[in-house]
Amino acid sequence: MIDFDTFIYQEMGVTKEDIMPLYKIYLTEMDQMIAALEEAVENSDAIAYERVLHNVKGICSNLRLDLITGPVSEMYSTLKAGMPLDLATSLQTLKELLVQIRQEINTYFNSSF
């Protein structure tokens, strides 16, 4: 479970209402990044995949979404080190994690992004 309260109130010093649009933007951006990752998988383009994965890692880290940050960091490090990574499996993992995160965000903000 994501500890939104600690991040929002203690670390950011803002209200739930203030930061809600940021998470909405995050989910829109993630949908676009998933599409870019799908294209990279279709083209077997590990370099493009690594580039997008780096962006995913940064955004998730900034929003303290540790559920996805850890696995994405491992995937990124694997590609960055030149080691093989099954892009299709990695993408499926990311999609599953995004479903979980979307549910937690929607539950916390009592919304449907």
Side-chain angles (χ1 to χ4, degrees):
M1 182 115 198
I2 300 169
D3 186 2
F4 289 106
D5 287 336
T6 298
F7 175 62
I8 292 171
Y9 297 113
Q10 293 177 12
E11 291 184 37
M12 296 293 293
V14 297
T15 68
K16 188 175 178 177
E17 292 75 23
D18 290 337
I19 206 160
M20 186 168 65
L22 184 62
Y23 281 96
K24 185 176 181 179
I25 291 168
Y26 160 78
L27 291 171
T28 301
E29 289 285 322
M30 283 300 296
D31 290 339
Q32 294 170 357
M33 288 189 206
I34 291 292
L37 291 169
E38 287 172 336
E39 184 177 331
V41 169
E42 288 173 14
N43 296 325
S44 299
D45 188 346
I47 294 170
Y49 195 92
E50 178 186 325
R51 194 173 319 121
V52 176
L53 206 57
H54 182 265
N55 291 336
V56 171
K57 180 176 73 104
I59 291 169
C60 294
S61 178
N62 288 339
L63 293 175
R64 304 300 188 268
L65 300 173
D66 297 336
L67 175 68
I68 198 168
T69 302
V72 168
S73 293
E74 289 178 29
M75 294 172 198
Y76 177 74
S77 294
T78 298
L79 287 173
K80 193 73 176 164
M83 297 168 46
L85 178 70
D86 183 329
L87 301 182
T89 301
S90 169
L91 177 59
Q92 184 58 39
T93 299
L94 287 175
K95 286 179 176 181
E96 292 168 5
L97 290 170
L98 184 56
V99 166
Q100 290 177 32
I101 285 181
R102 186 179 303 273
Q103 289 171 343
E104 288 196 38
I105 289 171
N106 285 332
T107 298
Y108 182 77
F109 290 105
N110 195 25
S111 64
S112 180
F113 297 140

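Treat the numbers as computed from the prediction; the structure is a model and nothing was measured. Residues take their numbers from the sequence shown, with the count starting at 1.
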What are the two closest heavy atoms between Asp18 and Pro21, and how far apart are they? O-CD, 3.5 Å
Got Glu38 and Ile34 here, is their nearest side-chain heavy-atom distance under 4.5 Å? yes
I'd like to know whether Leu98 forms a side-chain contact (heavy atoms from CB on, under 4.5 Å) with Arg102, so could you lay out the CA-CA distance, the side-chain angles of the two residues, the decisive distance to 0.1 Å, and finally the verdict. CA-CA 6 Å; Leu98 184 56; Arg102 186 179 303 273; 4.2 Å; yes
Under a 4.5 Å cut-off applied to non-hydrogen side-chain atoms, are Gln32 and Thr28 in contact? yes
Side chains of Tyr76 and Val56 in contact at under 4.5 Å (non-hydrogen atoms): no
Report yes if some heavy atom in the side chain of Asp3 is under 4.5 Å from a heavy atom in the side chain of Asp66; otherwise report no. no
Given the rule in the side-chain contact (heavy atoms from CB on, under 4.5 Å) test, do Tyr108 and Ile8 qualify, once you have shown the distances and angles that lead to the verdict? CA-CA 12 Å; Tyr108 182 77; Ile8 292 171; 3.6 Å; yes
Between Leu37 and Leu53, the two heavy atoms sitting closest are CD2-N, 4.2 Å
Side chain to side chain, Val72 and Cys60, heavy atoms closer than 4.5 Å: no
Exercise: identify the closest heavy-atom pair between Ile2 and Glu104: N-OE1, 2.6 Å
Closest non-hydrogen atom pair, Tyr26 against Ile101: CE2-CG2, 4.0 Å
CG of Leu65 to CD1 of Ile105, rounded to nearest 0.5 Å, is 5.5 Å
Find out whether Leu27 and Ile25 are in side-chain contact, i.e. whether some heavy atom of one side chain is under 4.5 Å from a heavy atom of the other. no
Distance in Å, Asp31 CG paired with Met33 CE, rounded so as to fall on 0.5 Å steps: 10.5 Å
With a cut-off of 6.0 Å (strictly less than), are more than 12 heavy atoms of other residues, nucleotides or ligands near NZ of Lys24? no
For Lys57 versus Thr69, what's the shortest heavy-atom pair and its separation? O-CG2, 4.5 Å
Phe7 vs Ile19 side-chain heavy atoms within contact, under 4.5 Å: yes
Worked verdict on Glu96 versus Gln100 for side chain to side chain donor-acceptor pair (under 3.5 Å): CA-CA 7 Å; Glu96 292 168 5; Gln100 290 177 32; over 6 Å; no
For Ala40 versus Tyr49, what's the shortest heavy-atom pair and its separation? CB-N, 3.8 Å
Spacing of CG belonging to Asn106 relative to OG belonging to Ser112, to within rounding of 0.5 Å: 5.0 Å
Tell me, do Met75 and Thr93 make a side-chain contact under 4.5 Å, heavy atoms counted? yes
Euclidean distance, Met20 CE relative to Thr15 OG1, rounded to 0.5 Å: 9.5 Å
Give a yes or no on whether the backbone of Ala88 and the side-chain of Asp86 come within a donor-acceptor separation of less than 3.5 Å. yes
How many angstroms lie between CG in Leu79 and CD in Glu74, if you round to the nearest 0.5 Å? 12.5 Å
More than 12 foreign heavy atoms under 6.0 Å from CD of Glu39: is that the case here? no
Within this structure, what is the CE-CZ distance for the pair Met12 and Arg64, rounded to the nearest 0.5 Å? 8.5 Å
Residue list, ring-ring contact (aromatic ring centres under 6.0 Å, His included) with Phe109, at least two apart or on another chain: Phe4, Tyr23
